[in-house]
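Quick note: residue numbers are just sequence positions, from 1. Counting starts at 1 for both ligands and their atoms, following the listed order.
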Amino acid sequence: MDLGIKDRKALVCGASAGLGHACAAALAAEGVHVVIVARTEAPLLAAAQRLRALPGAGPVDSVAADVTTAEGRARILAAHPDFDIVVTNAGGPPPGDFRQWDQATWYRAIDANMLAPIELIKATVDGMMARGWGRIVNITSSAVKSPVDGLGLSIGARSGLTGFVAGLARSTVARGVTINNLLPGTFDTARLAGNFAAQAQRDGHTVEQVRAARLAKHPARRFGTPDELGRTCAFLCSAHAGYINAQNILLDGGSFPGVF
Ligand code: NAP
């Protein structure tokens, strides 16, 4: 299917690896002009080269920046002021016991996983509405819908973003701009490997044991592939998805046990 977004311009954050990179790849393969962002330059440049090599890829630019800082966001937007598509994403906060979290810890999580996406939306949504077309996708987490003890920083910050977006999206769609959230369950990325390693160390198990235990409980008996999430993101950004708005789209292989 032609997604109808060739030559649109997209900002994809957290895109040198994992889920963000998969979103950038799916958009680049549609001929979208993709601007990818991550903090570390060498893997970012390598990621940009991989994207340029995709069949049908449009132009690919990269900006090494921390999207959780005002300075980082300003640098991205100074280089590329007018985006048609924005995919917000950054590293998630660490798991832990809320009794250990002080105010500075909470503010770091809120900055990264709530305020940074809101600031990027603030900087881009009015231009999209003025031009009559736009797509904003926030990568959040299945934990917003299926909370897990120990992920309070992530759930707290991302729930704030989710509530904010639910309000805003109703005021943008009449001007052609949709805002949706993608809620990943368990996806095979470097971050997941890191979480398993931390859990293995905490519980005195091997990483393979932790991984096998998680797989045994998963209805799909596998984790998601970044490509699956990336292509879903590209569809949400497509010309065909203009009536999908203010949604929280769970990609968890059926782990959520409810009907809706
Ligand atoms: P990942 O494999 O660790 O990739 C993270 C990417 O984001 C890297 O390119 C990283 O590069 C970049 N990044 C991190 N912090 C950044 C920042 N402050 N500014 C700019 N770029 C930044 O992670 P992932 O698994 O794709 O996860 C992406 C997001 O989805 C995270 O918020 C995670 O919590 C959430 N999530 C993931 C899963 C899963 O199963 N994988 C499940 C639920 C939620 P640099 O480090 O060089 O900046």
J.: With a 4.0 angstrom cut-off on heavy atoms, strictly below it, pick out the residues next to ligand 1 and order them by chain and number.
T.: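 Around ligand 1, where the cutoff is 4.0 Å for heavy atoms, the contacting residues are Gly14, Ala15, Ser16, Ala17, Gly18, Leu19, Ala38, Arg39, Thr40, Ala65, Asp66, Val67, Thr68, Asn89, Ala90, Gly91, Gly92, Ile139, Thr140, Ser141, Arg158, Pro184, Gly185, Thr186, Phe187, Thr189, Ala190, Arg191.
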J.: Quick check on side chain to side chain contact (heavy atoms under 4.5 Å, CB included): which of Val12, Val87, Asn113 does Ile139 satisfy it with?
T.: Val87
J.: Of all residues at least two apart in sequence or in a different chain, which pass the ring pair (Phe, Tyr, Trp, His ring centres under 6.0 Å) check with Phe223?
T.: Phe196
J.: With side-chain hydrogen bond (donor to acceptor under 3.5 Å, both in side chains) as the rule and sequence neighbours excluded, what pairs involving residues 247-256 come up?
T.: Asn181-Asn248, His218-Ser255
J.: How many angstroms lie between CG in Leu77 and CD in Glu119, if you round to the nearest 0.5 Å?
T.: 10.0 Å
J.: Does the side chain of Leu11 come within less than 4.5 Å of Thr124's, by heavy atoms?
T.: no
J.: Could you name each residue pair satisfying ring pair (Phe, Tyr, Trp, His ring centres under 6.0 Å) that touches residues 76-120, not counting sequence neighbours?
T.: Trp101-Trp106
